[in-house]
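Okay, structure first, notes after.
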Protein chains: 4
Amino acid sequence: MSLPSSTTKLTQRAELQRERILNAAQTCFIEHGFHAAGMALIAQAADMSPSLIYRYFDSKNAIILAIVERQVANGRTAIRNLYYAPDFTAAAYEAFTQWRTADPRIMNAALFLEMTAEASRNPTLASAFVTSDQELRAEISNWLSASVADGGKGLSVEVAQWRAICIQCFMEGLAIRALREPELSPTKLKLAITDFAAGMFAV
Amino acid sequence: MSLPSSTTKLTQRAELQRERILNAAQTCFIEHGFHAAGMALIAQAADMSPSLIYRYFDSKNAIILAIVERQVANGRTAIRNLYYAPDFTAAAYEAFTQWRTADPRIMNAALFLEMTAEASRNPTLASAFVTSDQELRAEISNWLSASVADGGKGLSVEVAQWRAICIQCFMEGLAIRALREPELSPTKLKLAITDFAAGMFAV
Amino acid sequence: MSLPSSTTKLTQRAELQRERILNAAQTCFIEHGFHAAGMALIAQAADMSPSLIYRYFDSKNAIILAIVERQVANGRTAIRNLYYAPDFTAAAYEAFTQWRTADPRIMNAALFLEMTAEASRNPTLASAFVTSDQELRAEISNWLSASVADGGKGLSVEVAQWRAICIQCFMEGLAIRALREPELSPTKLKLAITDFAAGMFAV
Amino acid sequence: MSLPSSTTKLTQRAELQRERILNAAQTCFIEHGFHAAGMALIAQAADMSPSLIYRYFDSKNAIILAIVERQVANGRTAIRNLYYAPDFTAAAYEAFTQWRTADPRIMNAALFLEMTAEASRNPTLASAFVTSDQELRAEISNWLSASVADGGKGLSVEVAQWRAICIQCFMEGLAIRALREPELSPTKLKLAITDFAAGMFAV
DNA sequence: CATGAATGAGTGTTCATTCAT
DNA sequence: AATGAATGAACACTCATTCAT
C-alpha cells in the first residue's frame with residue numbers, strides 16, 4: 001500500500017507541475033495574448049526556470065493545446081450552470097461577468113476569442129471546436145425539450161434545436177460585449193436577457 | 001494652379017499608398033494573425049519594400065490601429081444592410097456568410113475577434129470600441145423604434161434599447177459560429193434566425 | 001553599359017559579403033570546430049551583426065555547405081600544383097606544410113578531416129565527396145599515364161589507376177600527419193616522400 | 001579479508017560501469033559526432049541516468065579524453081595485425097574495411113578523424129598523439145628492419161625509418177578513403193595496396 | 001548507488017525598425 | 001519616393017551539469 005502510493009505521488013507531482021505551468025501560462029496569455037507571452041514570462045509566473053517547463057511540455061504550442069483542451073472541458077460545466085439555475089437572467093448575467101475573470105478554471109473571454117480566431121488557421125483546433133460545440137448545443141437542446149417537470153422548458157425537439165443555436169450565439173455574443181463594453185449598464189443588460197429568454201422559452 | 005494640384009496629387013498618392021498598405025496588411029492579418037504576419041510579408045503583399053511602409057505608418061502597431069479604425073467605420077454599414085433589407089433572415093444569414101470573407105472592405109470574423117481580444121489589453125482600442133458600439137446600438141435602437149411606415153418595427157423606445165442589445169449580441173455571436181462551425185447547417189441556422197427575429201420584432 | 005555595371009555592382013557587393021562571411025566562418029571553424037563556432041563568433045569575425053549573416057545565408061548549415069563546396073573546388077587546384085611542379089618531393093612537402101594554414105583559399109587539414117567525418121553522417125556531403133574524389137583521382141591517373149614528353153610519367157593506363165589510389169591515400173595521410181605530428185622531422189619526411197615517389201613513378 | 005574484497009568488488013564494479021559508459025559514448029560519438037551526442041543519449045545507450053555518469057566521469061570532456069586514451073592503446077594492436085599477417089594486402093584491405101566498424105574495441109575512422117582534428121585545438125590530445133604515433137612508427141620500423149627469418153623485411157635501419165612514415169601515411173589515408181568512398185572497388189584497392197607494398201618492402 | 005528535478009548559460013534564428021543612398 | 005543594408009533585442013528551445021533525496 002505504501003509503495004503504490006509512492007509511485008502515485010511521483011505522477012501526482014508531475015501532474016501538479018503541469019497544472020502550475022498551465023495556470024501560469026493561462027494568466028500570461030490572458031494578460032498579454034498567446035504570442036506576446038514569452039516562455040520566460042510564463043516561467044516567471046510559474047516560479048520556475050524556462051528550461052524546466054520543457055520537462056513537462058514539448059513546446060509552447062503544446063501548452064496552448066493543453067489549455068484549449070482544458071477550456072473545452074470547462075466550457076461544458078459553464079453552460080450547465082445556466083440551465084441548472086432557477087433564475088436564468090441572473091445566471092446569464094453572472095456568465096457575462098465571469099467572462100472577464102482570470103480564474104484558470106473558468107473560461108476567459110479574451111482567451112476564448114483568441115482561441116476561436118486561431119481556429120480559422122489551425123485545423124486541429126478547428127475540428128476540436130466543431131465537436132465540442134455540437135455536443136454543447138445538443139445538451140442545450142435536450143434541456144429545452146425536456147419536460148418542465150424535469151427542469152426543462154417543454155419545447156418540441158425541432159424547435160429546441162433552433163433555439164439552442166440562438167442561445168449559443170447570444171451567450172457567446174455576451175463574451176464579446178463583456179470585452180468591448182465591460183461597463184455596459186447591468187440594468188439594461190438584465191432586461192435584455194430577460195426579454196431574450198422570454199422569446200426563447202415560449203412554447 | 002499647377003502647384004496646388006501637384007501637392008494635392010502627392011497627398012492623393014500618399015492616401016492611395018496608405019490604403020494599399022492597409023489592404024495588404026489586412027489580408028495578411030486575416031491569413032496569419034496579427035503577430036505572425038511580419039512586416040516583410042505585408043510589404044510583399046503591398047508590392048513594396050518594408051522600409052517604404054515606414055514612410056506612411058510609424059510602426060506595425062499603427063497599421064493595426066488604422067485597420068481597427070477603418071473597420072469601426074465599416075461595421076456601421078454592415079449593420080445598415082441588416083435593416084435596409086426587406087428579408088431580415090436572408091440578410092442576417094448573408095452576414096454570417098460574409099464574416100469569413102477576406103475582402104478588406106468587409107469585416108472579417110477572425111480579425112474582429114482578435115481586435116476585440118486585444119481591446120482587453122489596449123485602452124486606446126477599448127475606448128474606441130465603447131464609443132463605436134454605443135453608436136451602432138443607438139442606430140439599431142432607432143430602427144426598431146421607428147414607425148413601420150418608415151421601415152422600422154414600431155417598438156417603444158424603451159423596449160428598443162433592450163432589443164438592440166440582444167440583436168448586437170446575437171449578430172456578433174454569429175461571428176463566432178462562423179469561425180467555429182463554418183459548416184453549420186444553413187437550414188437550421190436560417191430557422192434559428194427567423195425564430196430569433198420573430199421574438200425581437202414582436203411589439 | 002553603365003546600367004548593367006550598376007546592377008553588377010549590387011551583386012558584386014552581395015558576393016563580397018558572402019565571401020567575407022565564408023572566410024570568417026572558415027577561420028572560426030578551423031579554430032574551434034564546426035559546432036563550437038557559434039554564429040555570434042562568426043559574426044564577430046566577419047565584423048557584422050549575427051542577423052546580417054542571415055541575409056546572405058539561410059542557416060549555419062548553409063554556410064558549412066558553402067565552405068565544403070568551395071573547398072572541393074580548391075582541392076583540385078591543390079593537386080594540380082603537385083604534378084605541374086618540377087620537383088615532386090618539394091611540392092609534396094609544401095603540401096604537408098600548407099595543410100595547416102588558415103588561408104581560406106587553401107584546404108585546411110582540421111577542416112578537411114571534420115568534413116570527412118561528417119560525411120559519414122550526412123549523405124549530401126557523402127555523395128559530393130564521392131564525385132569530387134573520383135574526378136580528382138582521374139586527373140592524377142591521366143597525369144601518370146601521360147607521356148614523359150607531355151610532363152607525365154608514361155605509365156600504362158591500368159597501372160596509373162592503382163597508383164592514383166596510392167598517391168591519394170598518401171597525400172591525404174600527410175594531412176593526418178600534419179595535424180598529429182606538426183614537428184615531424186622535415187628531413188625524414190622528405191626522404192619518405194622521395195622514396196614513395198620513386199616507387200610510384202617507376203614504370 | 002572481507003572488507004578488502006568488498007572494496008575490490010566495488011572498484012571492479014566501478015571499472016565495469018566506466019567501461020559501459022565508454023562503450024555507450026563511443027557508439028553515440030560514432031553515430032552522431034562528439035557534440036551532437038548529448039549526455040542524455042549516452043546515458044540512454046548505457047542504460048542509466050545522466051546524473052549517474054557524473055559519478056564515474058567528471059564531465060563529457062573527460063569521457064572523450066578517456067575514449068581517446070583507450071583508442072591510442074587499441075591503435076597499436078591494429079597495426080600489429082598488419083605485420084603479423086602472412087598476407088599484407090589482405091590484412092591492409094581488412095583494415096580499410098574495419099575503419100568503418102562500430103565495435104568499440106576497434107578504432108573507427110570518423111572517431112579517428114574527429115579526434116585528430118580536435119588535436120589541433122587541444123594540446124593535451126596533441127601531445128598524447130605525438131608520443132603514441134612515434135611509438136607506433138618505431139614498431140613499424142623495427143618490423144621492417146628485422147631479418148626475414150624473424151618475420152621482418154630485412155631493410156636497413158635508415159630506410160626502415162622512411163618507409164615507416166610512408167606506411168603510416170598510407171594506412172591512415174585508407175581511413176579517409178573508407179569514409180569518403182566506402183564503395184571504392186575492392187579489386188582496384190587491393191591492386192593498389194599490393195603495388196604500394198611491393199615498393200615498400202623492396203630492399 | 002542511483003535518480004528525477006532543476007537550472008543557467010548558451011544555441012540558432014527572427015523581426016520590427018533605422019539609415020545611407 | 002524608394003530601397004537594400006544593417007542591427008539589437010527578443011524568441012523558443014537545448015544541454016551539460018548540480019543537488020536533494
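So that the names make sense, note that chain A is the first sequence line, chain B the second, and so on, each numbered from 1.
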Nucleotide [N], atom [atom2] - distance to [atom1] of [X] in whole Å:
| X | N | atom1 | atom2 | answer |
| --- | --- | --- | --- | --- |
| A/Gln44 | E/dT7 | CD | C1' | 15 Å |
| A/Phe34 | F/dC11 | CZ | C1' | 18 Å |
| A/Phe57 | F/dT14 | CZ | P | 15 Å |
| C/Leu41 | E/dG12 | CG | C1' | 14 Å |
| D/His32 | F/dC15 | NE2 | C1' | 15 Å |
| C/Leu16 | F/dA5 | CG | P | 12 Å |
| C/Ile64 | E/dG12 | CD1 | P | 10 Å |
| B/Ile42 | E/dC15 | CD1 | P | 11 Å |

>> Heavy atoms only, 4.0 Å cut-off, all strands: where does B/Tyr56 land among base, sugar-phosphate and nothing?
In response: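 B/Tyr56: backbone/sugar contact only, no base atoms under 4.0 Å.
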> Can you check whether D/Ala102's main-chain N or O pairs, donor with acceptor, with D/Asn108's side chain at less than 3.5 Å?
Replying inline: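 No: the side chain of D/Asn108 does not pair with the backbone of D/Ala102.
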>> Is it the case that over 12 heavy atoms from other parts of the model lie below 6.0 angstrom from the CZ atom of A/Arg121?
In response: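 Atom CZ in A/Arg121 is packed in, count exceeds 12.
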>> Could you work out, with side chain to side chain contact (heavy atoms under 4.5 Å, CB included) as the rule, every residue matching B/Leu22, not counting sequence neighbours?
In response: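 Per chain and number, B/Leu22 pairs via side chain to side chain contact (heavy atoms under 4.5 Å, CB included) with B/Phe57, B/Ile63, B/Ala66, B/Ile67, B/Arg70.
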>> So, using side chain to side chain contact (heavy atoms under 4.5 Å, CB included) as the criterion, who are the partners of C/His35 when residues are at least two apart?
In response: D/His35
>> Does F/dG4 have its OP1 or OP2 closer than 4.0 Å to a side-chain nitrogen or oxygen of C/Gln17?
In response: no
>> Let's see if you can work this out: which of E/dT3, E/dA5, F/dT7 has an atom nearest to the side-chain heavy atoms of A/Arg13?
In response: E/dA5
Would you say the side chain of [Y] lies within less than 4.5 Å of the side chain of [X], judging by non-hydrogen atoms?
| X | Y | result |
| --- | --- | --- |
| C/Arg18 | C/Glu15 | yes |
| D/Gln17 | D/Leu52 | yes |
| C/Asn74 | C/Met107 | no |
| B/Leu179 | A/Phe129 | no |
| A/Leu113 | B/Phe112 | no |
| C/Ile30 | C/Gln26 | yes |

Listing time: all N or O pairs from protein to nucleotides 17-21 of chain E that are below 3.5 Å?
unit_1: E/dT17; atom_1: OP2; unit_2: B/Tyr54; atom_2: OH; d: 2.8
unit_1: E/dT17; atom_1: OP2; unit_2: B/Lys60; atom_2: N; d: 2.8
unit_1: E/dT17; atom_1: O5'; unit_2: B/Tyr54; atom_2: OH; d: 3.3

>> Counting runs of three or more consecutive pairs, Watson-Crick or G-U wobble, with each distance below 3.5 Å, where are the stems of DNA chain F?
In response: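 Runs of three or more consecutive pairs: E:2-21 with F:2-21.
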> When you measure from every atom of DNA chain F, which of residues 114-124 of chain C have a heavy atom less than 4.0 Å away?
Replying inline: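 Nothing qualifies; none.
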>> On DNA chain E, compare the nucleotides closest to A/Met48 and B/His35; which residue's is nearer the 5' end?
In response: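 Upstream on the strand: A/Met48.
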> Considering heavy-atom distances to DNA chain F, does A/Ala37 or B/Leu52 have its closest nucleotide positioned more toward the 5' end?
Replying inline: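 Taking each residue's closest nucleotide, the earlier one in sequence belongs to B/Leu52.
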> So which pairs with a foot in residues 40-64 of chain C pass side chain to side chain donor-acceptor pair (under 3.5 Å), sequence neighbours left out?
Replying inline: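 For residues 40-64 of chain C: C/Ser49-C/Ser51.
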> What is the distance from atom CG of C/Leu125 to atom OG1 of C/Thr116, rounded to the nearest 0.5 Å?
Replying inline: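 Going from CG on C/Leu125 over to OG1 on C/Thr116, the span is 9.0 Å.
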